[in-house]
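Okay, so here's the structure we're looking at.
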There are 2 protein chains.
Amino acid sequence: MRGTGREGQMSERTVEAPRPTLKTIAFMTGLGVTTVSRALKDAPDIGEETKRRVQLVARQIGYRPNRAGVRLRTGKTNVISLVLDTDQQIMSFVSDIIYGISEVIADTPYHLIVTPYSRSRDPLEPVRYVVETGSADGVIISRTQPNDPRARYLLEHGMPFATHGRTDMGLVHPFHDFDNYAFAQIAVRQLAAMGRRRLALLAPPTGLTYYAHTVDGFADALNEVGATEVSFNAVSIDHTLEHIRGRTTQIMRRSDRPDGFVSSAAAATLAIVAGIEDAGLKLGRDVDVVSKQSSDLLHLFRPELLVVNEDFRLAGEELARSVLGWIGGKDPSSLQTLSVPGAVDTR
Amino acid sequence: MRGTGREGQMSERTVEAPRPTLKTIAFMTGLGVTTVSRALKDAPDIGEETKRRVQLVARQIGYRPNRAGVRLRTGKTNVISLVLDTDQQIMSFVSDIIYGISEVIADTPYHLIVTPYSRSRDPLEPVRYVVETGSADGVIISRTQPNDPRARYLLEHGMPFATHGRTDMGLVHPFHDFDNYAFAQIAVRQLAAMGRRRLALLAPPTGLTYYAHTVDGFADALNEVGATEVSFNAVSIDHTLEHIRGRTTQIMRRSDRPDGFVSSAAAATLAIVAGIEDAGLKLGRDVDVVSKQSSDLLHLFRPELLVVNEDFRLAGEELARSVLGWIGGKDPSSLQTLSVPGAVDTR
DNA sequence: CGGATAATCTGAAACGTTGCAGATTTCAAT
DNA sequence: ATTGAAATCTGCAACGTTTCAGATTATCCG
């Protein structure tokens, strides 16, 4: 349109008005910068008319406070950091959580930044980074452990956070959790109601808090319905699908094989079913499987599967609300939510 | 441990040394702040020994430049913004892309911030926000369209970016794309080699660039192998799984039903197979399906499925490298990568 | 009318960083 | 010795914001 041809990557920029600042508004209104600043935040010592005038102008010219300025002056970053485990295999939940968080912070000044870490390295590292550099006002962590060094560290350093999953350290902090005790319980009850008596559990990895919840719910319900457990302990949903599949086949070839499975993850369930069929057995006839899932795919896979839904988007929303609440000064103990599973969906 | 009990949420904080700044180092070394600043960035007008001294001290006390300070002064944010469509259903790719990006920026000063938007709203909104507020040094966008207003806008405003998928506007910018033309082509060839002659394509949504690529590859290969197309145009992978399933059943009940499918997404493939079976037909006998997948699940679902893998983590890595490259001054035309699919995995 | 009080506004300083325009010192060439 | 250049270092100012400690004006009371 304009220019001679190769202007170089950055130069075609049209002449733009520089971004308006407080100074701009101050000049336009004839007021001092301080007054403008205070007027915009509705301070009591500014005249009503002045406030309206300033706010009108600000809106008209599309004023947006400069984040770096605010951050430098006040230390407030308006950032939430989501700490993610990069070498996780079960990834489906990540996007849902992110979407959930996004939705909640959409009409706040907050930004979401993703802070990855590798489980093989120091799990404290990302959290320490955030605290030391003050790069966020709040943190969300997942894969929570009963005695979670990250939660302890954040608490000690006064950094607001929320955990996905509970801890068990006698410390109070916001969390959101899915009631995995209830999940295992209703799963077992469902299987028992279908006449299944020898049940195996594919549990979460042992280190995480919800491992214990799941195992407890499973055990208590077994007891309640008078069924017995077929040990499947050596495996968890963190193992590769190949591994789960192989171990399932093994266990299904034994004479004392289970006639029911409870699976804590959808992907793992695919492997379990494959393993069952590798052993020449049939789902729904020889064995039933209750599985958690976070998106509605398992019924397409095998209609016979029994599923319980876990909503990770909701988790993201709750987690975001919790951190924001804590940052906003609410009592952490009031920011704890537990999502109870619905009934088993047998389709 | 210490204290009387209820100290309130923020107060347990141990007395911490304030974060070191340039001033701290200046004081410790007896130098001026400017000198320290310049020494840390290895400027030519600072003595060698001084540099070593300053850098040593900086490392010892764990100096980390204050991002707000840098940003305020220089405008450099050290942030990459990933613009995401929040009401996307096929989500599996999100986490992979994020992990890929994270991996690349891990040993750079960059942070990744996720900027969500709802497709129902103005797609230009998030991109405009980033440009207007200068909240990132570079942007990554997905769901790229042939004539993409976001890419055009970013280009016009001199904001470095990379697109996941190509555009077709005669403008040059970095991108990473999967070769969907090749995918459709080898899929068709594979089906033809298995004796399938009446093929249907479950394509990407029409608005996106890779729709055309896929359709072209499909058509060209059909022509090459002398097979015919059974139109499946009214559906795309963006439809609900229920919808795809129903339409598949319909088409499979027709007398001129297809004996082969090419599917552009794994989740959709589940629905296609369900639809096929709803119609009383059998995968591998009556019909074969070639599907793209991004994680290795489809073979667990039905071993008969033919799959081609698309690596979204790689995409994330390439996209991150591209934006960083552009920010770093590289020629955009040198930052375009195309990922060619491997052979069809028949297992 | 003096003096207090309230209401409203304001400049200066500071947060941490970097670019600019010197300042100081050293040393070689004249 | 004088000049000049090179090498090395440094104050100051500015980025945009908020807090602090007033300043100014208007209003009210006795």
Side-chain angles (χ1 to χ4, degrees), chain A residues 16-55 57-58 61-79 109-111 132-137, chain B residues 16-55 57-58 61-79 109-111 132-137:
Chain A
E16 311 185 36
R19 209 176 138 196
T21 70
L22 290 181
K23 204 148 82 187
T24 318
I25 304 181
F27 178 74
M28 292 177 79
T29 55
L31 295 163
V33 177
T34 304
T35 314
V36 174
S37 172
R38 312 226 54 204
L40 285 177
K41 40 180 55 71
D42 205 27
D45 65 342
I46 305 292
E48 281 309 323
E49 180 183 327
T50 308
K51 284 188 201 169
R52 277 198 304 277
R53 215 153 57 85
V54 169
Q55 283 162 5
V57 173
I61 66 177
Y63 169 76
R64 289 229 190 67
N66 179 307
R67 310 191 118 231
V70 176
R71 179 163 170 180
L72 184 56
R73 176 65 233 244
T74 65
K76 183 129 184 40
T77 63
N78 285 310
V79 162
Y110 283 87
H111 282 181
E132 283 175 1
T133 65
S135 58
D137 298 334
Chain B
E16 310 185 35
R19 214 180 134 192
T21 69
L22 289 181
K23 203 145 98 189
T24 319
I25 304 180
F27 179 74
M28 293 176 77
T29 54
L31 295 164
V33 178
T34 304
T35 313
V36 173
S37 171
R38 312 226 56 211
L40 285 176
K41 41 179 54 69
D42 206 27
D45 65 342
I46 305 292
E48 282 308 323
E49 182 184 324
T50 309
K51 284 187 202 170
R52 277 198 304 277
R53 215 153 57 86
V54 169
Q55 283 161 7
V57 173
I61 66 178
Y63 168 76
R64 288 228 190 68
N66 179 306
R67 309 191 119 232
V70 176
R71 180 164 169 178
L72 184 56
R73 175 67 234 244
T74 65
K76 181 127 179 61
T77 63
N78 286 307
V79 162
Y110 283 87
H111 283 181
E132 283 174 1
T133 66
S135 57
D137 298 333

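Below, chain A is the first sequence line, B the second, and so on; all start at residue 1. What you see is a predicted model; the values in this text were computed from it and never measured.
Pairing of C:dC20, defined by two Watson-Crick or G-U wobble distances under 3.5 Å, is not identified with any nucleotide. Across all strands shown, D:dG11 has no partner, as no Watson-Crick or G-U wobble contact with both distances under 3.5 Å is found.
Within 90° of 0 lies the glycosidic angle of D:dG11, which makes this nucleotide syn.
Between the C1' atom of D:dG16 and the OH atom of A:Tyr63 lies a distance of 7 Å, rounded to the nearest Å. If you measure from atom CD1 of B:Ile25 to atom P of C:dT17, you get 8 Å, rounded to the nearest angstrom. For the pair A:Arg52 CZ and C:dC9 C1', the computed distance is 17 Å after rounding to whole Å. Atom-to-atom, CG of B:Leu22 to C1' of D:dA13 comes out at 16 Å; the value is rounded to the nearest Å. To the nearest angstrom, P of C:dC9 lies 8 Å from CZ of A:Arg53. At whole-Å resolution of the value, CD in B:Glu48 and C1' in D:dT8 are 12 Å apart. One interatomic measurement links the two molecules: CG of B:Leu31 to P of D:dG11, which rounds to 10 Å at whole-angstrom precision. One atom, CD of A:Glu49, and another, P of C:dA7, lie 17 Å apart when rounded to the nearest Å.
Remark: side-chain polar atoms of B:Arg64 are not paired, donor with acceptor, to backbone N or O of B:Arg19 under 3.5 angstrom. For the pair A:Arg67 (side chain) and A:Pro109 (backbone), a donor-acceptor distance under 3.5 Å is present. Although no hydrogens or angles enter the test, the distance criterion places a donor-acceptor pair under 3.5 Å between the side chain of B:Asp137 and the main chain of B:Thr77.
Taking only side-chain atoms of B:Leu72, from C-beta outward, the nucleotide of C:dT17, D:dG16, D:dT10 with the closest atom is D:dG16. Distances from the side chain of A:Val70 to the nucleotides C:dT17, D:dC15, D:dT17 place D:dT17 closest. If you check D:dT17, D:dC15, D:dC9 against the side chain of A:Lys23, the one that comes closest is D:dC15.
Between A:Asn66 and B:Gly30, the residue whose closest nucleotide on DNA chain D is further toward the 5' end is B:Gly30. Mapping A:Ile46 and B:Thr21 onto DNA chain C by nearest heavy atom places A:Ile46 closer to the 5' end of the strand.
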Listing time: all N or O pairs from protein to nucleotides 19-22 of chain D that are below 3.5 Å?
unit_1	atom_1	unit_2	atom_2	d
D:dT19	O4'	A:Arg73	NH2	3.2
D:dT19	O4	A:Thr34	OG1	3.3

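Residues that satisfy the salt bridge (charged side-chain N to carboxylate O under 4.0 Å, His left out) test with B:Lys23, not counting sequence neighbours, are absent from this structure. A search for side-chain contact (heavy atoms from CB on, under 4.5 Å) contacts involving A:Leu72 returns B:Asn66, B:Ala68, B:Leu72, not counting sequence neighbours. Under the side-chain hydrogen bond (donor to acceptor under 3.5 Å, both in side chains) criterion, A:Thr74 pairs with no residue, sequence neighbours left out.
A close approach under 4.0 Å does occur between a side-chain nitrogen or oxygen of A:Thr50 and OP1 or OP2 of C:dC9.
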Tabulate below the donor-acceptor pairs under 3.5 Å that side-chain atoms of residues 46-53 of chain A make, not counting sequence neighbours, or state none.
unit_1	atom_1	unit_2	atom_2	d
A:Lys51	NZ	A:Asp42	OD1	3.2
A:Lys51	NZ	A:Ala43	O	2.9

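Using a 4.0 Å heavy-atom criterion, one finds that B:Gly32 contacts the sugar-phosphate atoms exclusively.
Judged as a side chain to side chain donor-acceptor pair (under 3.5 Å), the pairs with a partner in residues 30-40 of chain A (not counting sequence neighbours) are, in order, A:Arg38-A:Asp45.
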